[in-house]
Amino acid sequence: MRSLLFVPGDSERKLEKGFASAADVIIVDLEDSVAAGNKAAARTIAADFIRARRTARAAIYIRVNDFSSGLTDDDLAALVPARPDGIMLPKASGLPDVERLAARLRVQEAENGLADGATRILPIITETAAGVFGAASYGQGHQRLAGVTWGAEDLSAAIGAHATRDERGRYTDVFRLARSVTLLAASAAETAAIDTVFVNFRDTAGLKAECLDAERDGFAGKMAIHPDQVAIINEAFTPSPEVVAEARAVIEAFAAAGNPGVVGIGGKMYDRPHLKRAERLLARLRP
């Protein structure tokens with residue numbers, strides 16, 4: 001999952017445009033981009049649209065409304081029959097919320113003839129203070145976890161921050177903490193870390209720089225709010241042929257040497273952390 005594009009669930013035009021993009025994942029949104037009075041219509045529009053495009057190249061995830069809204073069960077009842085690949089859970093407070101969603105999905109899957117566990121879960125883990133503090137709980141892991149991601153805008157509203165970035169465009173301390181917590185939670189859970197959206201979709205240079213920083217730090221992909229962002233994100237999170245070749249060489253050298261603690265390649269020493277990093281990089285290339 002390099003690029004994950006949000007598309008409002010109540011707009012057939014935007015859904016059409018989103019599905020025509022090169023995004024790896026289309027996130028059909030029932031939450032923030034849909035007005036309160038249009039939630040029911042969005043479920044119907046989204047479900048019908050997904051059923052008509054189940055052969056789409058991209059994976060399809062649904063961002064449901066969070067548990068506190070009282071709308072989550074209605075979202076699941078309407079959309080799970082359309083067989084999405086996964087559910088994005090906003091405002092997750094910790095692994096117990098993932099388990100709570102998993103229990104509901106298990107019922108919906110059984111009622112709709114889906115295999116148990118077929119629907120993955122991608123929680124947004126930093127949209128509340130409780131979510132940030134609960135990030136360590138993901139280290140227990142869960143079979144449905146497709147990754148973990150973070151959000152800055154809802155967190156800013158929750159804590160009363162006037163902005164998420166300083167005058168230089170850098171995240172302020174609390175949001176850098178949320179970003180770092182997400183990386184660490186993903187590592188502990190042995191799942192993918194997905195970077196949050198870059199809201200200024202016209203600033204292509206800023207998006208590219210943020211993508212490169214995220215990929216450097218260990219994020220596997222990034223969410224997008226506009227189709228024009230997808231190509232930049234895909235390029236940044238696609239390992240270069242040279243990097244892939246180096247990773248394969250490291251793995252092959254360890255295997256040829258009988259899996260020792262350290263190997264030499266071209267006059268340079270590689271130890272077990274290098275092997276693990278190479279394995280993780282190649283794992284990102286798998287569908």
Side-chain angles (χ1 to χ4, degrees), residues 1 4 6-7 9 24-32 34 39-40 42-56 58-128 130-131 134-151 182 185-194 220-221 223 283 286-287:
M1 295 193 294
L4 300 87
F6 282 105
V7 184
D24 291 339
V25 179
I26 302 298
I27 304 173
V28 179
D29 190 22
L30 302 180
E31 195 210 16
D32 286 346
V34 177
K39 299 287 187 182
R43 295 185 191 109
T44 300
I45 293 169
D48 290 345
F49 196 94
I50 292 168
R51 284 191 182 95
R53 286 159 177 80
R54 277 310 312 144
T55 58
I60 302 172
Y61 276 58
I62 309 298
R63 179 164 70 170
V64 296
N65 291 279
D66 71 277
F67 284 129
S68 69
S69 70
L71 301 173
T72 314
D73 288 343
D74 289 341
D75 292 342
L76 295 174
L79 272 299
V80 171
R83 300 173 179 251
D85 297 288
I87 301 296
M88 172 172 277
L89 179 63
K91 299 179 178 66
S93 296
L95 192 65
D97 277 352
V98 171
E99 294 169 339
R100 184 179 173 188
L101 176 57
R104 284 162 165 75
L105 286 173
R106 189 172 191 182
V107 172
Q108 289 289 338
E109 287 167 345
E111 292 178 347
N112 289 282
L114 296 170
D116 184 27
T119 314
R120 308 295 299 281
I121 297 174
L122 179 61
I124 309 178
I125 71 171
T126 69
E127 292 186 305
T128 65
S137 64
Y138 296 97
Q140 300 172 49
H142 195 282
Q143 64 270 26
R144 288 188 188 262
L145 269 184
V148 295
T149 188
W150 73 289
T182 302
S187 178
E190 297 186 349
T191 192
I194 305 298
M223 298 186 292
R286 302 182 193 124

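The structure presented is a predicted model; accordingly, all values stated were derived computationally and were not measured. Basis for what follows: all heavy atoms, side chains included, without hydrogens, waters or symmetry-related copies.
In this structure, T182 and T126 have side chains that are in contact, with non-hydrogen atoms separated by less than 4.5 Å. Residues V28 and R63 have side chains not in contact (no heavy-atom distance under 4.5 Å, counting atoms from C-beta outward). You'll find the side chain of L4 reaches within 4.5 Å of the side chain of L122, heavy atoms only. Residues S137 and V98 are not in side-chain contact: their nearest non-hydrogen atoms beyond the backbone lie 4.5 Å or more apart. For the pair I124 and V148, the minimum side-chain heavy-atom distance is 4.5 Å or more. In this structure the side chain of Y61 never reaches within 4.5 angstrom of the side chain of I26, judged on heavy atoms.
Proximity of a side-chain donor or acceptor of K39 to a complementary backbone N or O of E31 within less than 3.5 Å is detected. In this structure, R120 contributes its side chain and R144 its backbone to a donor-acceptor pair below 3.5 Å. Using modelled atom types, no side-chain atom of S93 and backbone atom of G131 make a donor-acceptor pair closer than 3.5 Å. A donor-acceptor contact shorter than 3.5 Å is absent between the side chain of K91 and the backbone of T128. Panel note: side chain E190, backbone G141; no donor-acceptor pair is recorded below 3.5 Å. For the pair D29 (side chain) and V7 (backbone), a donor-acceptor distance under 3.5 Å is absent. One N or O on the side chain of T72 and one on the backbone of D66 form a donor-acceptor pair closer than 3.5 Å. For Q140 (side chain) and L95 (main-chain N/O), no donor-acceptor pair under 3.5 Å exists by modelled atom type.
Between L30 and N65, the closest heavy-atom pair is O-ND2, 3.2 Å. The two atoms that bring T119 and G86 nearest to each other are CG2-CA, 3.8 Å, heavy atoms only. The two residues P123 and G147 make their nearest non-hydrogen contact at CD-O, 3.1 Å. Counting all heavy atoms, side chain and backbone alike, A192 lies closest to A220 at CB-CB, 4.1 Å. Across every non-hydrogen atom of L105 and V80, the tightest pair is CD2-CG2, 3.9 Å. Considering every non-hydrogen atom in both Y138 and A92, the closest pair reads OH-CB, 3.4 Å.
Within 6.0 Å of atom CZ in R104, more than 12 heavy atoms from other residues, nucleotides or ligands are found, so the atom counts as buried in its surroundings.
To the nearest 0.5 Å, atom CD of residue E111 and atom CD of residue Q108 are 5.5 Å apart. Atoms CG and CD1, on D97 and I125 in that order, are 12.0 Å from each other to the nearest 0.5 Å.
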Margin query: Pair L76, L101 - check side chain to side chain contact (heavy atoms under 4.5 Å, CB included), show working.
Written below: CA-CA 10 Å; L76 295 174; L101 176 57; 3.8 Å; yes

Check: Checking side chain to side chain contact (heavy atoms under 4.5 Å, CB included) for the pair V25/M223: CA distance, chi angles, key distance, verdict?
Finding: CA-CA 9 Å; V25 179; M223 298 186 292; over 6 Å; no

Checklist line | Check against side chain to side chain contact (heavy atoms under 4.5 Å, CB included), R43 and D75 | finding: CA-CA 7 Å; R43 295 185 191 109; D75 292 342; 2.6 Å; yes

Item checked: Evaluation steps, side chain to side chain contact (heavy atoms under 4.5 Å, CB included), between F67 and L89 -> CA-CA 9 Å; F67 284 129; L89 179 63; 4.1 Å; yes

